[in-house]
Amino acid sequence: GVILRCGYRGYGKSGTLVEDKKFRHFKKMCKLYQIPWGVYFFPTAVSISEAREESGFVANLIAGEDVSFPIFADSEKSHPLGLGRSDNLSKADRTTFLIEFLEGMKVYGYNAGVYASTSWFKDRLDDSRLLKYPHWVAQYAKKCTYTGNKDGWQFSSKETVTGIPGRVDMSEWYGPQSETHAIALPTLRRGSKGSEVIILQSNLQKCGYAIATDGHFGPATESALISFQRMTELVPDGIYGPKSYAMMKEVLK
């Protein structure tokens with residue numbers, strides 16, 4: 001299979017979100033030749049709100065697609081001299097923003113994990129907070145010394161593949177190493193708060209409901225959800241559980 005870069009947030013102060021200019025072409029070729037594919041995104045978020053924005057950006061790029069791998073956030077330096085907008089974040093903040101991105105992808109219905117080098121997992125991330133997420137570990141060596149569970153090991157950046165000019169990265173892929181990597185979507189109901197509610201409200205807006213995206217599951221959100229459930233022949237209980245998640249994903253496709 002192939003994991004494609006779908007986009008990135010710019011490394012400078014403005015932090016513009018950018019779609020990779022070759023993503024659509026490579027995606028098209030993977031589908032044409034029936035090659036399993038997935039995506040990674042290069043985040044440089046420096047706030048919770050930016051991390052949420054990044055997960056929404058990626059979800060829009062792959063909406064309606066059947067990806068074969070978890071969605072990966074590529075955590076590393078964006079500038080060789082450490083001058084990128086997120087290069088000097090504390091370990092705690094970098095990990096917090098990554099988790100916000102990963103949880104955001106889960107709300108959209110995708111499993112998501114972290115790509116980083118063995119040393120980056122050790123020195124620049126609080127890996128103890130990331131253990132429940134898939135790990136794709138980079139270490140260009142004869143052996144990967146990362147001691148935790150990993151779904152894949154990127155062992156080289158100097159390989160060749162027939163039909164592709166130049167060098168490519170290559171990984172060994174093992175698949176999920178832990179049951180905790182399965183998607184565990186939260187059940188939302190009246191009184192729920194947080195980023196998951198914001199995404200629900202945003203999705204309801206896309207379905208035509210005029211509600212605020214304030215992160216509070218109140219009467220207006222409940223009423224819109226019940227209407228959505230009735231329209232899609234679900235039990236109109238105002239609770240956003242697995243069946244409503246699955247239906248919302250289908251409707252948004």
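These figures come from a predicted structure and were not determined experimentally.
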* What pair of heavy atoms forms the shortest contact from Pro134 to Asp151, and how long is it? ->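 Closest heavy-atom pair between Pro134 and Asp151: CA-OD1, 3.4 Å.
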Can you get from [X] to [Y] by hopping between Ile, Leu, Val, Met, Phe, Trp and Tyr side chains that sit under 4.5 Å apart?
X: Ile239; Y: Val251; result: no
X: Phe97; Y: Met105; result: no
X: Val161; Y: Phe155; result: yes
X: Ile99; Y: Val107; result: yes

* **Ring-face cation contact, Tyr110 with Lys249, 6.0 Å cut, 45° max** =>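 Because its charged atom sits under 6.0 Å from the ring centre and within 45° of the axis, Lys249 does stack over Tyr110.
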Would you check if the side chain of [X] reaches a backbone N or O of [Y] as a donor-acceptor pair within less than 3.5 Å?
X: Ser227; Y: Ser223; result: no
X: Asp93; Y: Val46; result: no
X: Ser156; Y: Met170; result: no
X: Arg189; Y: Asp237; result: no
X: Gln201; Y: Asp214; result: yes
X: Gln154; Y: Asp169; result: no
X: Gln229; Y: Gly238; result: yes
X: His79; Y: Lys77; result: no
X: Thr95; Y: Asp126; result: yes
X: Glu100; Y: Ser55; result: no

* Would you check if there is a donor-acceptor pair between the side chains of Tyr240 and Asn203 at a distance under 3.5 Å? =>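 Their side chains do not contain a donor-acceptor pair, so the 3.5 Å distance test is not met.
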* **Ser117 and Glu76: side chain donor to acceptor below 3.5 Å** =>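 No pair is found: no donor N or O on one side chain lies under 3.5 Å from an acceptor on the other.
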Using side-chain heavy atoms (C-beta onward) and a distance below 4.5 Å, is [X] in contact with [Y]?
X: Arg129; Y: Thr96; result: yes
X: Val2; Y: Phe26; result: no
X: Val39; Y: Phe23; result: yes
X: Glu50; Y: Arg85; result: yes

* Asked: Taking the six-membered ring for Trp, are Phe69 and Trp173 ring centroids under 6.0 Å apart?
  ->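 Ring centres of Trp173 and Phe69 closer than 6.0 Å.
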* To do: Would you confirm whether the ring centroid of Phe228 sits within less than 6.0 angstrom of the ring centroid of Tyr209?
  =>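 Ring-ring flag for Tyr209/Phe228: false, centres at least 6.0 Å apart.
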Could you tell me the separation between the [atom1] atom of [X] and the [atom2] atom of [Y], rounded to the nearest 0.5 Å?
X: Tyr108; Y: Ile71; atom1: OH; atom2: CD1; result: 13.0 Å
X: Leu225; Y: Ile211; atom1: CG; atom2: CD1; result: 9.0 Å
X: Met247; Y: Lys243; atom1: CE; atom2: NZ; result: 10.0 Å
X: Leu98; Y: Asp74; atom1: CG; atom2: CG; result: 9.5 Å

* Checking ring pair (Phe, Tyr, Trp, His ring centres under 6.0 Å) against Phe72, which of Trp136, Tyr115, Tyr40 comes through? ->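 Passing option: Trp136.
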